[in-house]
Amino acid sequence: MHLSDVWMAFVFVALTMYIVLDGWDLGIGVLTLLDRDAARRRDMHALVSWLWDGNESWLVLVALTLWAGMPLVAGIALPALYVPLVLMLFALIARGVALQLIEHHDGWHPVWGRVFGIGSLVAGFCQGATFGGLVAGFNSRGGAFAGGPFTFLHHGYALLTGLTAVALYLVAGCAYVYLKCGGETRRRAAHTGRVAVVALAAGTLASWLLASAAGPLTLHPGETPRLPVWLTGALLLTAGLALALRSFRSDPAAGRSDRAPWLATLAVYGGGLLVAAGLLYPTLVPPGVTVHEAASPHSTLLFMTIAMAVFLPIVVTYESYGYWVFRGKVDATRDGAG
Amino acid sequence: VTAESGRQPWIVYGKLLTAQAVSPLKPVPVLVSLVAFIAIYVTLLGVFARYVVRLVREGPGDGPLAEAAPRTLRPEPLPGLSPAS
């Protein structure tokens with residue numbers, strides 16, 4: 001095992017933490033677009049407002065671990081994905097400002113509320129499009145991206161993965177609301193969650209089947225070390241989707257299974273990441289760039305690995321503490337009070 | 001400006017030229033994103049200024065700061081600046 005694999009594990013952990021943590025708060029943003037009731041929107045905002053910036057710090061870590069540890073990937077992928085990434089940044093900026101301004105406003109601010117929702121939607125969509133664009137692959141020449149600003153679209157494949165990511169985050173947002181809220185907010189989240197699970201299943205299947213057709217990517221799913229990994233991932237993903245569909249219950253009496261949709265969402269995330277890793281590793285930018293080629297020199301990686309080994313547990317600890325402080329349900333008694 | 005003009009044309013002094021390090025991006029997306037960045041930040045500056053002006057006009061009200069400020073030192077609100085009351 002090479003040090004670049006260890007570093008890749010850091011990238012993978014940061015990416016996983018980001019999509020799991022920021023996924024639900026982006027999803028809740030989309031959810032506020034689907035609800036017209038000010039009190040429920042305010043409750044959903046209250047869920048997000050204390051934790052969203054901590055969640056987004058993982059995105060910074062993803063970018064930095066890739067940039068510092070895998071400079072070749074940053075060099076090819078960032079120019080290739082410039083359009084969706086810049087759009088995502090704009091959406092995240094607008095959304096962050098909106099979150100803060102809503103906080104200083106009594107009730108639900110119509111304009112900033114909309115900005116929060118649309119920013120969340122666009123950010124999620126762009127992240128999915130970035131993933132699709134990257135996975136389908138880029139032709140590079142001498143360590144540099146060779147293509148146009150919209151090459152990443154791959155004849156619309158990136159739009160499909162973008163929509164799939166929105167569905168995924170919506171499922172996560174609904175599962176989180178289902179866990180943390182009660183009453184009508186929870187019932188509506190269950191309903192939206194079921195629809196989103198179906199959309200997510202369809203989007204995932206289509207993204208998977210079309211991945212090789214979309215760009216220069218070629219998969220070898222039958223190779224021995226790959227097969228068990230992605231098959232396990234696929235099973236976990238399917239089980240997660242099935243559990244999510246079953247456990248989003250509109251019946252308010254079924255209070256005991258509050259956690260089930262959230263656990264199902266975690267299985268979906270884990271399964272999806274395993275499928276992607278199992279099919280692609282060690283390729284980072286299909287078709288040709290691998291983890292080992294893309295990595296920084298050994299001394300750089302060693303220095304940064306020691307730093308990460310110190311700081312990663314610290315970050316995980318204080319973020320866990322934040323979640324622990326805000327454990328339990330948000331005030332659902334205000335439901336329907338206007 | 002001093003740091004940059006002293007360093008150019010190197011991006012890593014003596015090692016790597018800026019011209020060698022620049023991303024292979026087309027000029028149009030870069031220009032569009034730069035303009036969009038400027039537009040967004042100018043808009044946000046405007047929003048921030050409006051928010052601060054509104055806060056100042058409303059004054060400390062009955063909050064904890066109102067207790068802290070000696071009454072004699074608090075200026076009377078100007079007629080034109082007072083909140084709609």
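Chain letters run A, B, ... following the sequence lines, proteins first and then strands; every chain starts at 1. In this text the structure is predicted, and so the values were computed from the model without any measurement.
I93(A) contributes atom CD1, which lies 5.0 Å from atom CZ of F37(B) (distance to the nearest 0.5 angstrom).
For L78(A), no part sits under 4.5 Å from any heavy atom of chain B, backbone or side chain. Looking at V28(B), neither its backbone nor its side chain comes within 4.5 Å of chain A, counting heavy atoms on both sides.
Inter-residue side-chain proximity for V86(A) and V32(B) is flagged as unmet; no heavy-atom pair is nearer than 4.5 Å.
Within a 6.0 Å radius of CZ in F303(A), other residues, nucleotides and ligands contribute 12 heavy atoms or fewer. In this structure, F10(A) places its CZ atom where more than 12 heavy-atom neighbours from other residues, nucleotides or ligands lie under 6.0 Å away.
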Do chain A and chain B have donor-acceptor pairs under 3.5 Å, and which are they?
unit_1: Y82(A); atom_1: OH; unit_2: S33(B); atom_2: OG; d: 2.6
unit_1: H104(A); atom_1: ND1; unit_2: Y51(B); atom_2: OH; d: 3.2

